[in-house]
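See structure below.
None of the values given here were measured: they were computed from a predicted structure. A, B, ... follow the sequence lines: proteins, then strands. Residue 1 opens every chain.
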Amino acid sequence: MKKIEAIIKPFKLDDVKEALNELGIQGMTISEVKGYGRQKGHKEIYRGAEYVVDFIPKIKIEVVVAANMVDQVIEKIRSAANSGKIGDGKIFVIPVEQAIRVRTGEKNMDAL
Amino acid sequence: MKKIEAIIKPFKLDDVKEALNELGIQGMTISEVKGYGRQKGHKEIYRGAEYVVDFIPKIKIEVVVAANMVDQVIEKIRSAANSGKIGDGKIFVIPVEQAIRVRTGEKNMDAL
Amino acid sequence: MKKIEAIIKPFKLDDVKEALNELGIQGMTISEVKGYGRQKGHKEIYRGAEYVVDFIPKIKIEVVVAANMVDQVIEKIRSAANSGKIGDGKIFVIPVEQAIRVRTGEKNMDAL
Amino acid sequence: MKLNEKLLIALTLILALFPVSSALAQEASLNSGDTAWMIVSTALVMMMTPAGLALFYGGMSRYKNLLNTFAMTFMSYCLASVIWVVIGYTLAFGPDVGGLIGGLDFTFLSSITVKSLSGTIPTFVYVLFQMTFAGITVALVLGSIVDRMKFSSWLLFTTLWSVFIYCPIAHWVWGGGWMAKMGALDFAGGNVVHINAGVAGLVLSLMLGKRIGYGKETMFPSSIALTGLGAALLWFGWFGFNAGSQLAADGLAGSAFLVTNTSAAMGAISWMFTEWYITRKPTVLGIASGIVAGLVSITPAAGFVDLSASLIIGLVAGVLGFVCVSKLKHKMGYDDSLDAFGVHGMCGLWGALATGIFANPAVNPGGTGLLYGNPKQLLIQIVSIAATAGYTAVGTLVVVAITRFATNGLRVEKDDEIMGLDNSQHGERAFEILNS
Amino acid sequence: MKLNEKLLIALTLILALFPVSSALAQEASLNSGDTAWMIVSTALVMMMTPAGLALFYGGMSRYKNLLNTFAMTFMSYCLASVIWVVIGYTLAFGPDVGGLIGGLDFTFLSSITVKSLSGTIPTFVYVLFQMTFAGITVALVLGSIVDRMKFSSWLLFTTLWSVFIYCPIAHWVWGGGWMAKMGALDFAGGNVVHINAGVAGLVLSLMLGKRIGYGKETMFPSSIALTGLGAALLWFGWFGFNAGSQLAADGLAGSAFLVTNTSAAMGAISWMFTEWYITRKPTVLGIASGIVAGLVSITPAAGFVDLSASLIIGLVAGVLGFVCVSKLKHKMGYDDSLDAFGVHGMCGLWGALATGIFANPAVNPGGTGLLYGNPKQLLIQIVSIAATAGYTAVGTLVVVAITRFATNGLRVEKDDEIMGLDNSQHGERAFEILNS
Amino acid sequence: MKLNEKLLIALTLILALFPVSSALAQEASLNSGDTAWMIVSTALVMMMTPAGLALFYGGMSRYKNLLNTFAMTFMSYCLASVIWVVIGYTLAFGPDVGGLIGGLDFTFLSSITVKSLSGTIPTFVYVLFQMTFAGITVALVLGSIVDRMKFSSWLLFTTLWSVFIYCPIAHWVWGGGWMAKMGALDFAGGNVVHINAGVAGLVLSLMLGKRIGYGKETMFPSSIALTGLGAALLWFGWFGFNAGSQLAADGLAGSAFLVTNTSAAMGAISWMFTEWYITRKPTVLGIASGIVAGLVSITPAAGFVDLSASLIIGLVAGVLGFVCVSKLKHKMGYDDSLDAFGVHGMCGLWGALATGIFANPAVNPGGTGLLYGNPKQLLIQIVSIAATAGYTAVGTLVVVAITRFATNGLRVEKDDEIMGLDNSQHGERAFEILNS
Ligand SMILES: Nc1ncnc2c1ncn2[C@@H]1O[C@H](COP(=O)(O)OP(=O)(O)O)[C@@H](O)[C@H]1O
Ligand SMILES: Nc1ncnc2c1ncn2[C@@H]1O[C@H](COP(=O)(O)OP(=O)(O)O)[C@@H](O)[C@H]1O
Ligand SMILES: Nc1ncnc2c1ncn2[C@@H]1O[C@H](COP(=O)(O)OP(=O)(O)O)[C@@H](O)[C@H]1O
């Protein structure tokens with residue numbers, strides 16, 4: 001199994017969720033993160049004190065899937081999250097050795 | 001070493017923490033996440049606008065442990081986090097190649 | 001490629017960011033987490049009800065880099081995040097099998 | 001006629017021979033009690049806009065637009081404050097010109113002095129009291145259009161609208177214009193404030209178009225807690241609004257005070273139960289909305305109706321408001337973001353009609369409604385409602401057209417709307433709560 | 001007797017011959033200054049409930065229950081508003097029946113008109129002023145039981161409790177009932193409001209049982225910032241509460257105003273230092289609590305004691321309040337969630353006793369305490385405290401029993417309590433702060 | 001001279017023969033309308049500190065220090081409340097001693113009774129009104145030093161500063177001291193409150209040193225939304241501050257009310273446009289700051305200038321304030337955290353000068369400015385400004401030195417400053433918003 005971590009723009013979340021549903025993916029975990037990268041941050045000025053906000057709000061989606069689904073999933077996320085603008089984000093693939101469902105103790109693919 | 005990522009219901013955090021302490025685990029990192037899965041979300045209605053909240057608050061626990069402790073840890077978390085209801089969460093096991101303690105530079109098992 | 005996860009004290013973030021920039025690292029993702037470990041938490045008392053706050057605010061930095069940069073990066077983060085006090089945090093190294101840039105579809109090193 | 005006036009007439013008769021008497025006669029009619037009450041009323045109504053309404057609206061708008069809602073609300077009041085003393089007051093309360101508008105005699109409040117009185121209070125206080133109404137009315141409009149309008153466009157709109165829409169209507173009803181002559185009853189602003197703002201909001205929101213993602217995306221209110229606090233402060237201020245409109249601290253002010261509180265409470269209760277029954281949950285947003293619905297509805301009637309009428313007016317307001325915002329709006333499909341039309345327009349309309357129905361001469365000889373044998377009053381109310389709605393609809397259309405032209409375009413860029421107006425228009429965030 | 005009254009007696013004598021005089025005589029005693037002050041006082045006390053108390057309590061309850069606390073507070077005031085004008089006022093202030101309760105003559109305020117006066121102010125204003133006390137008293141009770149009670153049960157409880165517990169006690173003390181005849185001193189509500197609410201809260205919390213996880217889980221207040229703001233607004237409103245209870249804008253109102261502010265300040269200072277000394281940190285929650293403790297304690301005494309007494313009353317209140325909430329409660333082991341009993345009950349009790357000790361005839365001939373040679377007063381105070389506590393304890397027990405039966409069960413489901421009442425009862429969240 | 005006074009003179013003449021007349025003569029001059037207004041004004045000004053200023057400042061300070069800002073603000077008011085009734089009032093308003101300070105006759109307000117009058121209002125009300133000014137002045141100072149001062153040091157500083165700096169200056173200007181004799185015009189506190197607090201803040205911040213990371217780290221305000229609400233509540237309360245300073249509900253109070261609102265609105269408008277022009281974005285923080293700048297500037301002038309002057313005063317205030325906080329401060333390099341000096345000090349200075357320029361005898365015969373042919377007034381204003389600034393600068397220096405010594409050190413530990421003062425000083429957090 002692999003964990004796919006996708007860092008996307010917050011307003012793309014709904015689209016990505018639907019895209020994954022189309023693949024029959026029943027679960028995912030998201031978190032609010034802040035991203036630093038090519039996308040320039042904006043500046044904020046409070047009474048003349050100027051701060052560059054270069055950590056930009058992003059959503060991180062974590063979804064664990066069977067190894068053989070990885071490419072589809074990546075493709076789906078890409079097309080859904082893509083706005084063609086700098087800062088659309090990244091997708092990382094990380095190995096997962098085990099998965100367990102807390103409630104039942106089911107293992108691996110059955111746990112997803 | 002392995003990183004164990006457990007996604008659990010927020011109110012189970014204290015129990016899980018204590019369970020891990022029993023194993024002599026001295027450290028962990030938690031974060032607020034939102035989960036999407038079998039557990040149905042609830043709907044909220046604001047002046048007739050109906051929204052389904054299907055991302056449900058969860059806590060993600062990350063704990064890095066020696067490979068040989070993995071099974072114990074999983075078991076402890078499972079029994080502590082289990083409420084028998086849908087949405088109790090998942091546990092994922094991910095390989096960790098190195099661990100370093102910032103303060104001392106100690107490596108791997110010594111860093112935990 | 002490897003993902004380096006560093007858990008540091010919040011006020012060290014700027015220093016670490018700059019340290020990474022010196023290595024020419026163009027991107028990273030951070031999130032607010034809470035840490036439990038050797039560092040003792042403080043207690044809060046509300047009208048006589050005493051609570052120990054043992055989950056301490058930390059920042060988690062995630063940066064994916066080429067395998068050959070891992071040691072440099074670790075070293076940079078260590079020296080920047082180090083205050084010599086308990087609770088300075090940990091650095092974990094996790095394998096990454098693929099990286100994709102959403103916008104362009106570029107893969108792996110080109111995606112970073 | 002107030003007590004001290006009576007006293008003084010009496011006195012001047014007796015004291016005609018005393019030296020002081022003349023001096024006395026001059027400022028004879030200033031009543032310090034009425035003045036105290038009216039200064040406070042004015043302060044209360046002022047507070048309604050930047051505190052009450054900003055929280056009520058700000059809490060309902062999405063987080064990314066919370067500060068923009070604050071900014072629009074604050075500037076509405078600030079601009080209205082200046083416009084009013086420069087030109088607004090004289091347009092609304094200057095010497096009547098053909099029943100349509102006030103003359104320019106009081107531009108920059110010229111010829112009004114520290115000694116000038118309006119009834120038993122200083123004219124300056126009267127001017128300010130009326131100003132706070134202008135300020136909140138234009139601010140109410142923004143409830144229909146948050147989340148998408150350019151800040152510059154809003155500023156220009158506010159300016160034009162206050163002068164060309166608010167002032168004339170205020171003149172018609174309160175400045176001795178044709179509606180006043182016709183005998184329309186509007187104690188504290190059913191027409192002038194609520195119907196006016198509600199209809200203008202609807203027009204503006206139609207011309208702006210819907211928010212991106214409206215009906216598809218989730219649009220959670222940023223903070224029901226702030227909205228609740230805002231409703232509480234609005235309620236507090238509304239006592240100045242309604243009881244203050246009597247312009248004196250007397251029995252009728254007390255009566256207006258009583259019916260205002262009763263209608264607000266009934267509005268909250270009925271909205272809550274209606275919602276509970278229909279959508280299975282009583283919400284704090286519903287309770288807050290019901291309070292406002294009840295307050296809006298009693299506004300035109302406050303000085304004319306009795307307790308039992310206020311129970312009915314509030315009861316109906318709660319149900320009506322709920323239906324308008326949760327059914328009507330979605331049927332019609334317009335995007336009245338925070339329901340300025342649904343709550344203020346529609347409940348204002350109900351209140352204006354209710355005044356024509358329930359006005360009780362025993363409360364105030366100045367008004368007799370249908371139930372007390374004067375069906376004609378109801379007719380007059382309908383005419384005044386229609387005229388107000390008609391004028392504001394057309395007038396707002398024109399004002400918006402001019403604004404769109406002058407600020408080329410009313411709406412923020414698509415990306416800016418998605419990113420949020422706090423960031424794109426103001427470069428700020430409402431909260432920066434980061435633990436360390 | 002106020003100035004203008006004197007004026008008028010004098011006048012009527014002289015002017016007996018003038019035509020106007022009769023007209024004058026009628027509404028002779030309305031004083032516009034007193035009326036202005038009392039309308040404002042009423043508005044201030046009203047604001048205390050949905051703004052001040054909702055924030056003070058809401059900020060102390062856990063985040064997942066913040067809006068439920070708002071909802072209970074808002075509805076307490078709304079229901080009390082309606083109940084009061086329908087039946088409450090007449091039960092409390094109707095013609096005395098055997099010293100126990102008021103007659104039904106004023107049901108729906110019948111026979112009270114715009115011209116009716118109570119002393120120098122319109123009766124409608126007096127009715128409303130008293131109503132705001134009923135509204136806040138029942139709302140205070142919820143401080144003991146947040147985080148676990150069914151919303152429906154709360155609504156029924158509020159209704160029954162206002163009618164059967166609040167009204168009789170209000171009649172005894174202020175409506176010419178037996179306590180008044182006995183000479184009990186309670187200027188603004190030590191018995192009627194604070195002891196009453198505190199004891200009722202304790203009883204209700206005992207019958208509800210402790211919150212799940214109480215004593216084991218961490219239960220962080222959702223926002224000390226909101227609680228602080230709430231305390232500030234309560235303080236602001238309390239001036240209407242205490243100084244308003246003089247029912248006139250005169251020297252005694254000024255004196256009540258002075259001692260109220262002094263006691264609040266002393267309460268904050270002493271609570272803070274006590275806490276600092278004992279738990280090593282001065283908290284904002286402690287300062288806010290001390291303010292309220294000081295205000296509660298001075299409430300019954302406000303119109304009777306002098307400055308030096310108020311310094312002592314506040315000083316003791318701060319220490320007493322701290323000990324009650326941080327020691328006593330944990331010793332006894334009941335779960336008085338936000339300390340309605342610890343702060344309002346106990347400090348109200350201290351205030352009632354203090355009134356019997358410090359009442360200074362030089363301030364108000366109406367009250368002479370122990371220190372001024374009248375030990376009997378202290379006895380009377382004790383009797384009135386005991387009677388109030390006793391009646392409310394038993395009465396609340398009955399009311400709760402009925403409520404439990406009628407709404408089958410007082411408490412939310414276990415899972416709903418864990419998930420939080422905002423979600424389970426109202427389907428809302430207090431804040432939705434999500435960056436984009 | 002107010003209406004009822006006239007009435008009474010008249011009456012006493014006629015009624016000399018009536019028994020009541022004498023009784024009448026005694027308390028003759030209490031005016032219930034003025035009293036009503038002054039109690040409310042006092043309540044409004046009180047609310048400005050723990051509600052308005054705590055929010056305005058708290059929202060601007062970093063999240064980790066929000067509650068500490070609340071704590072300092074609350075305790076400033078609480079300590080001042082007690083100090084004032086014990087010793088402050090008599091130092092400021094006791095019998096003049098050599099034009100420098102008041103005598104101790106009124107220690108603990110001795111010899112002041114419920115019947116004592118000041119003008120037409122009870123002396124107790126006058127005492128309290130003045131007290132609220134002492135309370136807010138010392139609280140304003142903390143705007144210069146949040147984020148780094150030890151809480152214990154703040155408490156001692158507050159105490160010493162109120163007694164040794166505030167009281168003398170209040171005496172000079174309002175207590176019949178030398179500035180009053182010299183004819184300095186300061187209607188509601190340009191010198192006494194704003195210049196005084198601003199300069200003291202600057203001195204204290206210089207002695208404390210800059211915050212760790214100042215100029216390097218990002219220091220985001222915790223909540224512009226709370227700051228906005230705070231500004232709205234300050235504006236609301238400021239009506240009591242300025243219009244209340246007339247001590248009566250009359251035409252001049254109305255005029256002060258008018259120019260106060262106008263200047264605030266103009267301040268917001270001009271600050272916003274200046275900022276928009278220079279930094280490309282109009283911020284809510286800018287609007288809120290402009291409101292305060294406008295209010296500060298009109299404070300000394302409120303009872304002396306006319307409408308057109310207030311438009312100019314506010315206009316200049318907005319620009320001046322913006323320049324001071326966003327340019328001057330960064331040039332000079334001091335760390336005036338929340339700009340107590342930049343906004344209150346500098347705009348207070350502008351207001352004091354403007355009073356000397358625009359004071360219009362047609363508004364108030366008590367003041368004639370440069371534009372009305374009295375250049376001397378401007379000179380007097382300059383002298384009074386210089387004297388105030390000089391005394392407070394030196395005096396604060398001494399007070400701070402003593403405080404530093406007594407609390408060994410003014411500043412929190414480095415680690416505590418980094419962790420935040422909420423945690424290190426109070427062991428609390430402002431918000432605990434955790435979903436479940
Ligand atoms: N090396 C990296 N490791 C982890 N996250 C990264 C890395 N580089 C970029 N990111 C994340 O991806 C987001 C988008 O990257 P950015 O360079 O801004 O635009 P793009 O994705 O178009 O290249 C960043 O905000 C950050 O959250
Ligand atoms: N494939 C997945 N990848 C990552 N997280 C998942 C996945 N499936 C479920 N989760 C997480 O586990 C939580 C619980 O899953 P859910 O299907 O609701 O109930 P259960 O754990 O009982 O099967 C979800 O809320 C989500 O956070
Ligand atoms: N085994 C672990 N797995 C994951 N995170 C850990 C682990 N141990 C510690 N941490 C994280 O590292 C942080 C610092 O650890 P701590 O023991 O407090 O101090 P130190 O880093 O100096 O040993 C903790 O707050 C926690 O977030």
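The shortest heavy-atom contact between D:Ala71 and F:Val284 is CB-CG2, 3.8 Å. Taking both residues in full, the closest heavy atoms of F:Phe239 and D:Ala43 are given as CD1-CB, 3.7 Å, listed atom of the first, atom of the second, then distance. In terms of heavy-atom proximity, D:Cys78 sits nearest to F:Ala265 at O-CB, 3.5 Å. Between F:Gly33 and D:Ser32, the shortest heavy-atom distance links the atoms CA-OG, 3.3 Å. The two residues F:Ala232 and D:Met46 make their nearest non-hydrogen contact at O-CE, 4.3 Å. Nearest heavy atoms, D:Ala430 versus F:Ser223: O-OG, 3.0 Å.
Taking 4.5 Å as the limit, some side-chain heavy atom of D:His426 sits within range of a side-chain heavy atom of F:Pro282. In this structure, F:Ile224 and D:Arg429 have side chains that are not in contact, with every pair of non-hydrogen atoms separated by 4.5 Å or more. Contact of the D:Phe70 side chain with the F:Ile287 side chain is not registered, since no non-hydrogen atoms from C-beta on lie closer than 4.5 Å. Side-chain contact between F:Met272 and D:Met75: present, with at least one pair of heavy atoms (C-beta onward) separated by less than 4.5 Å. Between D:Pro50 and F:Phe236 there is no side-chain heavy-atom pair separated by less than 4.5 Å. The shortest side-chain heavy-atom distance between F:Trp37 and D:Thr35 does not fall under the 4.5 Å cut-off.
For chain D, no part of F:Trp238 is nearby; none of its heavy atoms comes within less than 4.5 Å. Heavy atoms of D:Ala54 lying under 4.5 Å from chain F are absent altogether. Heavy atoms of D:Leu55 lying under 4.5 Å from chain F belong exclusively to its side chain. Interface remark: D:Phe74 contributes side-chain atoms only to the contact with chain F (heavy atom separation under 4.5 Å).
Here the straight-line distance linking atom CZ of F:Arg62 with atom CD1 of D:Ile433 works out to 15.5 Å at 0.5 Å rounding. The line from CZ of D:Phe129 to CZ of F:Phe257 is 10.5 Å long, rounded to the nearest 0.5 Å. With values rounded to the nearest 0.5 angstrom, F:Leu229 atom CG is found 6.5 Å from D:Leu229 atom CG.
Taking chain D as the reference chain and counting heavy-atom pairs below 4.5 Å, the highest number among F:Ala288, F:Gly237, F:Gly251, F:Gly240 is found for F:Gly251. In terms of non-hydrogen atom pairs under 4.5 Å with chain F, the most contact-rich of D:Val127, D:Leu128, D:Leu155 is D:Leu128. Considering only heavy-atom pairs separated by less than 4.5 Å from chain F, the leading option among D:Thr42, D:Ile121, D:Val125, D:Leu66 is D:Thr42. When each of F:Leu233, F:Val40, F:Ile269, F:Thr262 is scored by its heavy-atom pairs under 4.5 Å with chain D, the top score falls to F:Ile269. With chain D as the partner, the residue from F:Ala225, F:Gly59, F:Ala36 showing the most heavy-atom pairs under 4.5 Å is F:Ala225. Between chain D and the options F:Thr279, F:Leu44, F:Leu258, heavy-atom pairs under 4.5 Å are most frequent for F:Leu258.
A donor-acceptor contact shorter than 3.5 Å is absent between the side chain of D:Glu432 and the backbone of F:Tyr63. Listed for the F:Lys281 side chain is a donor-acceptor partner under 3.5 Å among the backbone atoms of D:Ser424.
For the side chain to side chain contact (heavy atoms under 4.5 Å, CB included) criterion with D:Val85, the lone passing option out of F:Leu307, F:Val259, F:Asn261 is F:Leu307.
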- Task: Any chance you could lay out the side-chain contact (heavy atoms from CB on, under 4.5 Å) test for D:Phe431 and F:Phe220, step after step, and finish with the verdict?
- Result: CA-CA 9 Å; D:Phe431 290 93; F:Phe220 293 108; over 6 Å; no
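Between D:Tyr77 and F:Trp235, the two ring planes are perpendicular [angle over 60°; tilted spans 30° to 60°].
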